[in-house]
Peer 1: 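Quick one: structure below, then a few questions.
The residues of the chain are indexed from 1 along the displayed sequence. Whatever order the structure lists them in is the order used to number ligands and atoms, beginning at 1. Small disclaimer: the values here were computed from a predicted structure and weren't measured.
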Amino acid sequence: MTETAHQVATAAGTMPSVADLERMYWVMVTTTLADSRAQQEAKAGKLQAAFYPVRGMEAVCAALGAVLEPRDRLVSTYRNLGDVVAKGVPLKSIVAELYGRVDGVSKGKGGPMHLQDDEVGMTATTGVVGSGLPIAAGLGIAAQLDGDGKVVAVTFGDGATSIGAYHEGMNMAALWQLPVLFICQNNRWAEHTPLADYTAAPEFAQRAASYGMTARKVDGFDPIASWRALSEAVQAIRSGGGPVFLEFETYRLTGHTGTADYSYVPKDELARAMTRDPAPNFRTWLIDQGLVAAERLDAIEQEAESAVAEAFAFGAARPQPDVDQLHEDVFADKKLVLDLL
Ligand SMILES: Cc1ncc(C[n+]2csc(CCOP(=O)(O)OP(=O)(O)O)c2C)c(N)n1
Ligand SMILES: [Mg+2]
């Protein structure tokens, strides 16, 4: 197979380049490992605040990281580990923030819900369900005014589709044809409530289309299907086509938080979802397709294991911020705010 600069073509459709496939695997393995380590640390009471596992969503995160350019902006939620790893936030800064230490992306004052790093376009993460959509619409207006072809992506859960801010963000983005990519990570749970118990209209893509934008449903356990849908969407948005909504069907493979009970999950449903665990399935597929050799994948796994171990050792060893830092970094321009008071 001859590889062009960015993509290789197959009979089934376009494919990521081999370099992108390898990076996607690295993102998936790193996220899976860091996630399980963070859960252990949460259970041991060592993190600054609650940790929200992302197990089950690794394929969507990895594909998103492969299609976005560094200048594109991403807005995520509290369940953000896969998104921030994929967008290129340094692992040590992520983990130091989980522990609430000075070398974290938010200088240890944000904790697991606040892993933003605008230098790599990881513009915001928020703990307020649904609040990312109007933030993304606002960033979309900025990108539209700049006219530089930047795309703004926003990830959110299935439960967020029942919140007012969701409607407001989607409506304005469609009305003003903003360059926003809406990514619904449907893991079929909103905290401890299953999807069927909180909405009579679970076809999120259908609902999104009614706002006046292109919308479709994608198998979120499949990294290639995810990559294809995301690539197409980003291309359409970048060329001025207005917002796109993609619903990724996945499943939450763990409890709501790193310490939460998950005994209420229907066992057969979880077992079925576990057979689709993204990273191991991608490994098998890459080998079966002859795209990446087993030895190369072993090396990527070892690299990810070392990076995760190193990041956790680093984070845990760093100091917490001083109390005199409490009022720093609260407002972009502190003087302006003080003058207004
Ligand atoms: C405005 C608001 N309401 C309620 C909560 C409490 N809460 C935290 S996570 C969550 C569930 C959200 O479910 P979903 O959007 O599917 O995201 P998931 O946690 O499954 O990724 C809720 C209700 C919150 N953080 N913000
Ligand atoms: Mg959910």
Side-chain angles (χ1 to χ4, degrees), residues 31-32 34-35 38-39 42 47-62 64 74-87 98 110-116 122 124-137 153-170 181-205 207-208 217-221 226 245-262 264-266 269-270 272-274 276 278:
T31 302
T32 305
D35 189 283
Q39 286 188 57
L47 299 188
Q48 191 198 42
F51 172 73
Y52 296 85
V54 292
R55 293 284 288 110
M57 302 186 335
E58 294 95 328
V60 183
C61 304
L64 182 61
L74 177 58
V75 178
S76 182
T77 65
Y78 45 90
R79 203 177 296 290
N80 53 33
L81 183 63
D83 288 342
V84 300
V85 168
K87 195 68 175 81
L98 299 182
M113 288 203 217
H114 300 286
L115 297 179
Q116 59 269 22
M122 187 62 248
T125 65
T126 161
V128 182
V129 171
S131 64
L133 288 96
I135 294 173
V154 53
T155 58
F156 49 88
D158 46 295
T161 59
S162 295
I163 287 232
Y166 170 89
H167 167 82
E168 293 162 22
M170 296 276 285
L181 172 55
F182 293 99
I183 297 165
C184 178
Q185 297 169 330
N186 181 358
N187 60 14
R188 306 196 68 82
W189 291 92
E191 219 160 332
H192 312 288
T193 311
L195 198 149
D197 286 359
Y198 68 75
T199 182
E203 289 300 329
F204 301 124
R207 275 163 66 181
K217 187 150 80 169
V218 186
D219 178 357
F221 278 125
S226 299
F245 176 99
L246 296 175
E247 173 197 347
F248 290 93
E249 290 186 292
T250 62
Y251 199 86
R252 204 180 69 202
L253 299 180
T254 62
H256 177 59
T257 70
T259 52
D261 168 51
Y262 202 29
Y264 53 84
V265 66
E269 220 172 87
L270 181 60
R272 237 189 346 267
M274 279 306 286
R276 308 230 32 221

Peer 1: Take the Mg ion (ligand 2) and tell me which protein N, O or S atoms are nearer than 2.8 Å.
Peer 2: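 The answer is Asp158 OD1, Asn187 OD1, Trp189 O.
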Peer 1: Is the distance from the ring center of Trp189 to that of Tyr264 below 6.0 Å?
Peer 2: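 Yes.
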Peer 1: Identify the closest protein heavy atom to atom 26 (N) of ligand 1: which residue and atom is it, and at what distance?
Peer 2: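 Atom 26 (N) of ligand 1 sits closest to the protein heavy atom Val129 N, 3.1 Å.
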Peer 1: Tell me the protein heavy atom at minimum distance from atom 16 (O) of ligand 1, and give that distance in Å.
Peer 2: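 Going by distance alone, atom 16 (O) of ligand 1 is nearest to Gly159 N, 2.7 Å.
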Peer 1: Please check: side-chain N/O of Asn186 versus main-chain N/O of Phe248, any donor-acceptor pairing under 3.5 Å?
Peer 2: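 No; zero donor-acceptor contacts below 3.5 Å.
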Peer 1: What protein heavy atom is closest to atom 15 (O) of ligand 1, reported as residue, atom name and distance in Å?
Peer 2: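 Going atom by atom, the protein heavy atom closest to atom 15 (O) of ligand 1 ends up being Ala160 N, 2.9 Å.
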Peer 1: Looking at Arg188, I'd like to know if its CZ atom is crowded, meaning that more than 12 non-hydrogen atoms belonging to other residues, nucleotides or ligands lie closer than 6.0 Å.
Peer 2: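 Incorrect, the count does not exceed 12.
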Peer 1: Could you check whether any side-chain N or O of Asp83 sits under 3.5 Å from a backbone N or O of Asn80, counting only pairs where one atom can act as donor and the other as acceptor?
Peer 2: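 No: the side chain of Asp83 does not pair with the backbone of Asn80.
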Peer 1: Using a strict 4.0 Å threshold on nitrogen-to-oxygen distance, state whether Lys217 and Glu203 make a salt bridge.
Peer 2: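 Here Lys217 pairs with Glu203 in a salt bridge, since their nearest N and O are under 4.0 Å apart.
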Peer 1: Taking all non-hydrogen atoms of both residues, which atom of Glu58 and which atom of Val54 are closest, and how far apart?
Peer 2: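 Looking at all heavy atoms of both residues, the closest pair is OE1-O, 3.9 Å.
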Peer 1: Purely on distance, is any nitrogen or oxygen of Tyr198 under 3.5 Å from one on ligand 1?
Peer 2: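 Among all N and O atoms of Tyr198, none is under 3.5 Å from an N or O of ligand 1.
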Peer 1: With sequence neighbours excluded, tell me which residues meet side chain to side chain donor-acceptor pair (under 3.5 Å) with Ser226.
Peer 2: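 Scan of Ser226 (side chain to side chain donor-acceptor pair (under 3.5 Å), adjacent residues dropped) gives none.
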Peer 1: Tell me the nearest of Glu191, Gln185, His192, Arg188 to atom 23 (C) of ligand 1, using heavy-atom distances.
Peer 2: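 Of the listed residues, Glu191 has the closest heavy atom.
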Peer 1: Quick one: CG on Leu98 to CG on Leu115, what's the gap to the nearest 0.5 Å?
Peer 2: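 Leu98 atom CG to Leu115 atom CG measures 6.0 Å (nearest 0.5 Å).
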Peer 1: Check for a donor-acceptor pair, side chain of Thr257 on one end and backbone N or O of Tyr52 on the other, with a separation under 3.5 Å.
Peer 2: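 Side chain of Thr257 to backbone of Tyr52: no pair is present.
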Peer 1: Parallel, tilted or perpendicular: which one describes the rings of Phe156 and Phe245, with boundaries at 30° and 60°?
Peer 2: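 Phe156 and Phe245: tilted rings.
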Peer 1: Give the atom numbers and elements of ligand 1 that come within less than 4.0 Å of a heavy atom of Asn187.
Peer 2: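 In order of number, 18 (P), 20 (O), 21 (O).
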Peer 1: Is the side chain of Thr126 donor-acceptor paired with the backbone N or O of Gly132 at a distance under 3.5 Å, no angle test?
Peer 2: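 No, Thr126 side chain to Gly132 backbone: no donor-acceptor pair under 3.5 Å.
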Peer 1: May I ask you to check whether Ala190 has an N/O atom sitting below 3.5 Å from an N/O atom of ligand 1?
Peer 2: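 No, Ala190 has no N/O under 3.5 Å of an N/O on ligand 1.
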Peer 1: Is the closest heavy atom of Arg79 to ligand 1 under 4.0 Å?
Peer 2: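 Checking ligand 1 against Arg79, which is what was asked, there is a heavy-atom contact under 4.0 Å.
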Peer 1: Could you check atom 25 (N) of ligand 1 against the protein and tell me its nearest heavy-atom contact, residue, atom and distance included?
Peer 2: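 Scanning the protein heavy atoms, the shortest distance from atom 25 (N) of ligand 1 goes to Gly127 O, 2.9 Å.
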Peer 1: Can you tell which of Tyr78, Tyr52, Trp189, Phe156 gets a heavy atom nearest to atom 12 (C) of ligand 1?
Peer 2: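 Selected option, by shortest heavy-atom distance: Tyr78.
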